[in-house]
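Have a look at the structure below, then the notes.
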Amino acid sequence: MITVTAATGQLGRLVLEELLARGVPADQIVAAVRTPEKAADLAGRGIHVREADYDKPATLASAFAGAGRLLFISSNEFGRQAEQHANVIRAAKETGATALIYTSYLNADSSGIAMAEPHVRTEELIRASGIPYAILRNGSYIENYTANIGMWLQYGTVIGSAGDGKISGATRADLAAAAALVTADQPMNNRIHELGGTAFTMSDLAAETTAQTGTTVTYTDMPPAEYSKTLASVGLPQFLTDAIADNSAGAARGAWYTDSRELQNLLGRPTTSVKEAVAQALAQHQG
């Protein structure tokens, strides 16, 4: 049995599709989700749907019963992750999971990014659990940037604090494919996988958007405090804007770069290019 947590999230749904495409029978997959009602379509395809709320340990114990291999997709609730993740790992151990595959941050233990800290703690708990594991240190989702392409075109600029830092970003689809492959097929040998795509800069994103639309878009670099203030001006809470600005500033010092080819090797193909990612974002924006 393969259990996937956060299975109705953007990454989780892509992983499920990849598992099915790889020939894993639907009745051998458990979609562990916070709100089962949102997974009715998955149940309709023969996938087992179980409630699994990271804040409710009792639901985790029920969801992970007979889990086999557990793909643990990390929480995105900033400030709550460490406690939530501890609940998941405890339940995985108590229910006898045979393998734990976790989605972490690229260069988590060396990046110095505040958002990486809960992942470092989670990795420590996984190692201490005694469960065979694979840690997937995912590069930044390209979609985290290209989702803003409408604003880039409206204002003619991309903003951030990344400087000329290279970002080994990858699409959710590429990272989901790798997660499915490791979860379904790879031996668990307690490895850490640094998973990054072809590196780009924020200026590269701006230039590619210009090239594909004919609208001039440039990159405007800001000190982190100014970037945070700009984000706060559109209504985001300060704890979040500070974290986003810190995340961006990390790129300037290389926190989001890796020369690892593990993602490409797992996929057996090149990762999605910036050109393709921008084209996909434009299609969604215009459609």
Side-chain angles (χ1 to χ4, degrees), residues 1-7 9 11-12 15-16 18-19 22 24 28-34 47-111 113 115-139 175-176 178-195 258 260 262-263 265-266:
M1 191 74 74
I2 291 174
T3 300
V4 179
T5 72
L11 182 65
V15 170
L16 293 180
E18 288 287 343
L19 288 172
R22 296 188 68 81
V24 178
Q28 292 300 304
I29 300 173
V30 173
V33 300
R34 177 179 291 180
I47 295 172
H48 301 284
V49 174
R50 298 176 184 172
E51 181 184 3
D53 188 326
Y54 292 174
D55 288 315
K56 299 177 181 178
T59 68
L60 299 175
S62 298
F64 298 167
R69 290 190 168 206
L70 174 63
L71 174 59
F72 171 18
I73 295 178
S74 55
S75 167
N76 60 6
E77 293 187 45
F78 188 61
R80 298 272 306 129
Q81 292 160 307
E83 180 180 351
Q84 291 175 331
H85 291 180
N87 289 339
V88 173
I89 296 165
R90 189 178 305 112
K93 185 171 183 177
E94 291 174 353
T95 55
T98 59
L100 190 55
I101 300 94
Y102 174 65
T103 61
S104 186
Y105 254 36
L106 190 71
N107 302 319
D109 57 350
S110 61
S111 71
I113 294 173
M115 282 186 170
E117 292 174 5
H119 295 286
V120 174
R121 176 56 181 155
T122 302
E123 291 184 9
E124 292 172 350
L125 291 175
I126 290 171
R127 284 191 287 270
S129 73
I131 303 171
Y133 66 83
I135 292 173
L136 310 179
R137 287 183 174 171
N138 288 346
L175 293 167
L181 186 151
V182 171
T183 301
D185 298 331
Q186 294 286 302
M188 288 298 107
N189 51 10
N190 300 345
R191 281 193 60 189
I192 293 175
H193 302 266
E194 300 284 358
L195 303 179
T258 180
S260 168
E262 285 193 86
L263 180 56
N265 292 340
L266 283 170

Do [X] and [Y] have side chains that approach each other closer than 4.5 Å (heavy atoms only, starting at C-beta)?
{"X": "L266", "Y": "L195", "value": "yes"}
{"X": "R34", "Y": "K56", "value": "no"}
{"X": "F64", "Y": "T5", "value": "yes"}
{"X": "Y105", "Y": "V120", "value": "no"}
{"X": "L19", "Y": "V4", "value": "yes"}

Can you see which heavy atom on [X] is nearest to which on [Y], and at what distance?
{"X": "I192", "Y": "E123", "result": "CD1-OE1, 4.3 Å"}
{"X": "A91", "Y": "L60", "result": "CB-CB, 3.6 Å"}
{"X": "S104", "Y": "I135", "result": "CB-CG2, 3.8 Å"}
{"X": "A92", "Y": "L70", "result": "CB-CD2, 3.7 Å"}
{"X": "A31", "Y": "L16", "result": "CB-CD1, 4.4 Å"}
{"X": "Q81", "Y": "S75", "result": "NE2-O, 2.7 Å"}

Over 60° means perpendicular and under 30° means parallel, so tell me whether H119 and Y102 are parallel, tilted or perpendicular.
tilted
Decide, yes or no, whether a salt bridge links E124 with R127 under the criterion of side-chain N to carboxylate O below 4.0 Å.
no
Using atom types as modelled and distance alone, determine if a side-chain donor or acceptor of [X] lies under 3.5 Å from a backbone N or O of [Y].
{"X": "N87", "Y": "D55", "result": "no"}
{"X": "S74", "Y": "T103", "result": "yes"}
{"X": "S129", "Y": "I126", "result": "yes"}
{"X": "N190", "Y": "Y133", "result": "yes"}
{"X": "R50", "Y": "A63", "result": "yes"}
{"X": "S260", "Y": "E194", "result": "yes"}
{"X": "T95", "Y": "A65", "result": "no"}
{"X": "T59", "Y": "D53", "result": "yes"}

If you apply the rule side chain to side chain contact (heavy atoms under 4.5 Å, CB included), what do you find for Q186 with R191, and how did you get there?
CA-CA 11 Å; Q186 294 286 302; R191 281 193 60 189; 5.6 Å; no
Please round to the nearest 0.5 Å and tell me the distance separating atom [atom1] of [X] and atom [atom2] of [Y].
{"X": "Y54", "Y": "I73", "atom1": "OH", "atom2": "CD1", "value": "6.5 Å"}
{"X": "Q28", "Y": "H48", "atom1": "CD", "atom2": "NE2", "value": "6.5 Å"}
{"X": "I2", "Y": "T183", "atom1": "CD1", "atom2": "OG1", "value": "6.5 Å"}
{"X": "Q84", "Y": "T122", "atom1": "CD", "atom2": "OG1", "value": "10.0 Å"}

Please determine which of I101, T98, L100 meets the side chain to side chain contact (heavy atoms under 4.5 Å, CB included) test together with M188.
I101
Determine the sole option in I47, L71, V49 for which the side chain to side chain contact (heavy atoms under 4.5 Å, CB included) test with I29 is passed.
I47
Begin from the C-alpha positions of K93 and I89 and carry the test side chain to side chain contact (heavy atoms under 4.5 Å, CB included) through to its verdict.
CA-CA 6 Å; K93 185 171 183 177; I89 296 165; 5.6 Å; no
After noting the C-alpha distance and the side-chain angles of R137 and N107, does the key distance pass the side chain to side chain contact (heavy atoms under 4.5 Å, CB included) rule?
CA-CA 7 Å; R137 287 183 174 171; N107 302 319; 5.8 Å; no
Derivation of the side chain to side chain contact (heavy atoms under 4.5 Å, CB included) call for H85 and R121:
CA-CA 9 Å; H85 291 180; R121 176 56 181 155; over 6 Å; no
